[in-house]
Amino acid sequence: LSLHDALPIFEVVLGRAGKLATAPVQLSVQNQLTELMSDDDDEVRSAAAGAFGAQSGNVEDDAIPGVIEGLLSRSEEWTKRHGQALALAALVKHAVSAERLSIAPAVAAAAAQAPALIKDDRVPVRSAAAKVYEGMLRILLMAAGADGAARAVSVRSESPPYALTC
């Protein structure tokens with residue numbers, strides 16, 4: 001089994017059982033995946049980023065801003081920037097699929113830093129940036145929808161029966 005074949009399997013394992021790992025093991029996995037995200041092979045870089053995104057689902061909400069900030073840090077190597085953008089897209093994708101709306105404030109804060117990805121001189125980085133924006137938009141819209149629905153329920157419960165509600 002090659003590294004190329006093993007990383008997608010690793011992504012599934014991390015997503016399902018990663019919370020059972022101790023903090024030092026999680027940190028070690030994160031460091032190894034970060035190193036692989038700058039690999040010269042596009043497929044290894046992509047698979048490592050996907051596994052990193054799955055592993056990020058096991059990170060506590062208060063640590064997510066630091067993870068996102070690390071992924072948005074500028075690197076001179078385009079392969080590393082590409083891996084970081086892919087990992088950020090995977091992180092947000094996993095958060096959307098898990099309906100992890102609690103990270104919406106961190107995503108909103110990161111949205112101000114993300115335009116640098118779109119302006120990158122490499123097409124693969126810009127392509128990954130589009131995935132980042134798609135995921136960010138989805139989680140922010142989901143959070144806004146959940147917040148709006150909660151406010152509508154609150155307004156309806158406090159309104160007299162004849163009041164119009166939106």
For side chain to side chain contact (heavy atoms under 4.5 Å, CB included), just list the numbers for M37 and L86, CA-CA rounded to whole Å, side-chain angles, deciding distance to a tenth of an Å, and then say yes or no. CA-CA 9 Å; M37 288 185 322; L86 288 171; over 6 Å; no
[X] [atom1] to [Y] [atom2] distance, which is reported to the nearest 0.5 Å:
X   : Y   : atom1 : atom2 : result
D42 : R45 : CG    : CZ    : 4.0 Å
K80 : S73 : NZ    : OG    : 6.0 Å
Q32 : L27 : CD    : CG    : 10.5 Å

What closest approach, in Å, do [X] and [Y] show between heavy atoms, and which atom pair accounts for it?
X    : Y    : result
A85  : V125 : CB-O, 4.4 Å
V29  : Q55  : CG1-CG, 4.2 Å
I118 : A129 : CD1-CB, 3.7 Å
A114 : Y133 : C-OH, 3.2 Å
R81  : R122 : NH2-CG, 4.0 Å
Q84  : G70  : NE2-O, 3.4 Å

From CA spacing to verdict: side chain to side chain contact (heavy atoms under 4.5 Å, CB included), V59, L91: CA-CA 10 Å; V59 174; L91 180 153; over 6 Å; no
Quick one: salt bridge (Lys or Arg N to Asp or Glu O under 4.0 Å) partners of R126, sequence neighbours excluded?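 None.
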Do L36 and V25 land in one hydrophobic cluster if side-chain heavy atoms of ILVMFWY residues count as linked below 4.5 Å?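 Shared cluster, yes.
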Check whether any side-chain heavy atom of L71 lies under 4.5 Å from a side-chain heavy atom of Q113, and answer yes or no.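 With C-beta onward as the side chain, the pair stays apart.
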Please answer whether the main-chain N or O of P24 pairs with a side-chain N or O of S28 as donor and acceptor at a distance below 3.5 Å.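 Here the side-chain-to-backbone pair does not exist.
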Within the supplied structure, the quantity of interest is the number of heavy atoms (other residues, nucleotides, ligands) at a distance under 6.0 Å from E99 CD; does it exceed 12?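 For E99, atom CD is not crowded (no more than 12 foreign heavy atoms under 6.0 Å).
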Please test R100 against D61 for side chain to side chain contact (heavy atoms under 4.5 Å, CB included), starting from the C-alpha separation and ending with a verdict. CA-CA 9 Å; R100 191 173 176 190; D61 288 348; 2.7 Å; yes
Trace of the side chain to side chain contact (heavy atoms under 4.5 Å, CB included) decision for L72 with L117: CA-CA 8 Å; L72 286 171; L117 295 173; 3.9 Å; yes
